[in-house]
Every structure is written in C-alpha cells, then in structure tokens.
Amino acid sequence: MTARLDQPREVRRTLLPRVHYDPESFGRLSERIARFLGTARFIVYMTVFVAVWLGWNTFAPDFLKFDPYPFIFLTLMLSLQASYAAPLILLAQNRQDDRDRVQYEQDRARGDRSIADTEYLTREIAGLRVALNEVVTRDFLRSELQQIIKDLDAKEHVP
C-alpha cells in the first residue's frame with residue numbers, strides 16, 4: 001500500500017524523547033552571538049587567541065606543545081567555530097528579515113491610513129469651500145448695505 005502525498009504522516013515513536021526548546025529564546029541568543037561576532041572586539045579577541053596559540057605551540061618547550069607545527073587542532077577549532085557561527089548568523093538575519101517585513105507591512109498600513117485621512121480632509125476642505133461660496137461674506141454684506149443706503153438717499157432727494 002503506497003502512502004498518499006495529500007495525507008499527513010503518522011507520528012512515529014522514537015526511542016529517544018524529542019528535545020523541546022523555546023525557538024524565541026534560541027533566536028535571541030543567536031542574535032546576541034551574531035552581534036558579538038560582528039564587532040571589532042571579537043576580531044581582536046580572535047586575533048589574540050590565535051597569536052597566543054601559535055606562539056605557545058611554536059616557542060614553548062616540546063613537552064608543553066599540544067598542537068605542533070601544522071596546527072591541526074587550531075584548524076579544527078577554527079572550523080568548528082565557523083561551522084557554528086554561520087548558521088547562527090543566518091538565523092539572526094532571518095529573524096531580522098522577519099522584523100523588517102513586519103515593519104514594512106506596518107509602515108505600508110500607516111501610509112494607507114495617512115492617504116485615506118488626507119483624501120478625507122481634502123474632501124472636507126472642498127465641501128467647506130463650496131459651503132463658504134454660498135455664505136455671505138462681510139465685504140459683500142457691507143457693499144450691499146452701502147448700495148441700499150445710496151438707493152435710499154437717492155429716493156429721499158427725488159421730488
């Protein structure tokens with residue numbers, strides 16, 4: 001009987017229990033490590049570490065040397081450090097990309113709301129302008145009153 005691809009697999013029991021961890025705390029730890037790996041302090045520490053390692057294994061007496069000339073153990077240590085650093089840096093970058101995407105979506109929504117607010121205010125201002133065109137202004141009223149006074153004065157002087 002062949003397994004169907006559209007059906008989920010049954011959970012298989014294993015001899016060892018599954019390790020559970022908090023991905024959020026692991027992600028925060030990876031970001032802290034990645035931030036440290038990207039500093040000048042780390043480069044200085046690593047340079048001092050390698051220089052001391054090379055100096056010790058070059059100039060120390062033979063019975064105290066633990067990694068003679070080809071420095072195979074140092075190479076192994078640096079490879080191990082790099083093999084852990086690369087995925088941690090990638091995990092930190094992925095988390096930053098996720099935060100950037102969320103921030104972009106929020107900025108876009110905020111921009112959309114700003115555009116909608118601006119359009120609403122534009123319509124309101126246009127409505128107020130139309131309403132003000134129908135309202136009598138003080139200058140117009142003054143000129144009309146002056147015209148009426150002139151007309152009345154003209155009627156009084158007409159015999």
Requested in this report: Return the set of residues passing side-chain hydrogen bond (donor to acceptor under 3.5 Å, both in side chains) with Q96 (not counting sequence neighbours), or none when no residue passes.
Outcome: R99, D100
Report summary line: So CE of M77 and CG of L80: to nearest 0.5 Å the spacing works out to 6.5 Å
Query raised in the report: Is there a path from L74 to L64 through hydrophobic residues (I, L, V, M, F, W, Y) whose side chains come within less than 4.5 Å of each other?
Result: yes
Query raised in the report: Is K65 paired with D62 through a side-chain N to carboxylate O contact shorter than 4.0 Å?
Result: yes
Report summary line: Residues pairing under side-chain hydrogen bond (donor to acceptor under 3.5 Å, both in side chains) where one sits in residues 115-129, two or more places apart or in two chains, turn out to be none
Requested in this report: Output all residues satisfying side-chain hydrogen bond (donor to acceptor under 3.5 Å, both in side chains) with D151, sequence neighbours left out; order by chain, then residue number.
Outcome: Q147
Report summary line: Heavy-atom closest pair (A92 atom, A34 atom, distance to 0.1 Å) is CB-CB, 3.7 Å
**Report entry** Remaining members of hydrophobic cluster (4.5 Å side-chain criterion), I149
**Finding:** none
Report task. Give a yes or no on whether Y104 atom OH has more than 12 heavy-atom contacts from other residues, nucleotides or ligands under 6.0 Å away. Result -> no
Report task. Answer yes or no: is there a side-chain heavy-atom contact under 4.5 Å between F26 and L88? Result -> yes
Query - Nearest-0.5 Å distance that lies between atom CG in L91 and atom CZ in R28 - result: 12.0 Å
Report task. Kindly work out whether a path of hydrophobic side-chain contacts (I/L/V/M/F/W/Y, heavy atoms less than 4.5 Å apart) joins F66 to V50. Result -> yes
Query raised in the report: If two hydrophobic side chains count as joined below 4.5 Å and joins carry through other members, does L121 share a cluster with L128?
Result: no
Report task. Kindly compute the distance separating CG (L76) from CG (L78), expressed to the nearest 0.5 Å. Result -> 9.0 Å
Query raised in the report: How far does CD of E31 sit from CD1 of I33, to the nearest 0.5 angstrom?
Result: 11.0 Å
Query raised in the report: According to a 4.5 Å side-chain heavy-atom criterion applied to Ile, Leu, Val, Met, Phe, Trp and Tyr, with indirect links allowed, do L54 and F49 form part of one hydrophobic cluster?
Result: yes
**Report entry** Q103 versus D107, side-chain donor and acceptor atoms under 3.5 Å
**Finding:** yes
Requested in this report: Report the residues that fulfil ring-ring contact (aromatic ring centres under 6.0 Å, His included) with F42, sequence neighbours left out, ordered by chain and then residue number.
Outcome: F36
Query raised in the report: What pairs of residues pass the side-chain hydrogen bond (donor to acceptor under 3.5 Å, both in side chains) test when at least one of them lies in residues 43-57, not counting sequence neighbours?
Result: W53-D67
Query raised in the report: Is it the case that more than 12 heavy atoms not belonging to R101 sit under 6.0 Å from its CZ atom?
Result: yes
Query raised in the report: If you take all heavy atoms of S30 and G27, which pair is closest and at what distance?
Result: OG-O, 2.7 Å
**Report entry** V102 side chain reached by D98 side chain, heavy atoms, under 4.5 Å
**Finding:** no
Query raised in the report: How many angstroms lie between CZ in R41 and CD1 in I43, if you round to the nearest 0.5 Å?
Result: 12.5 Å
Query raised in the report: Are F63 and F73 connected, step by step, through hydrophobic side chains (Ile, Leu, Val, Met, Phe, Trp, Tyr) whose heavy atoms are closer than 4.5 Å?
Result: yes
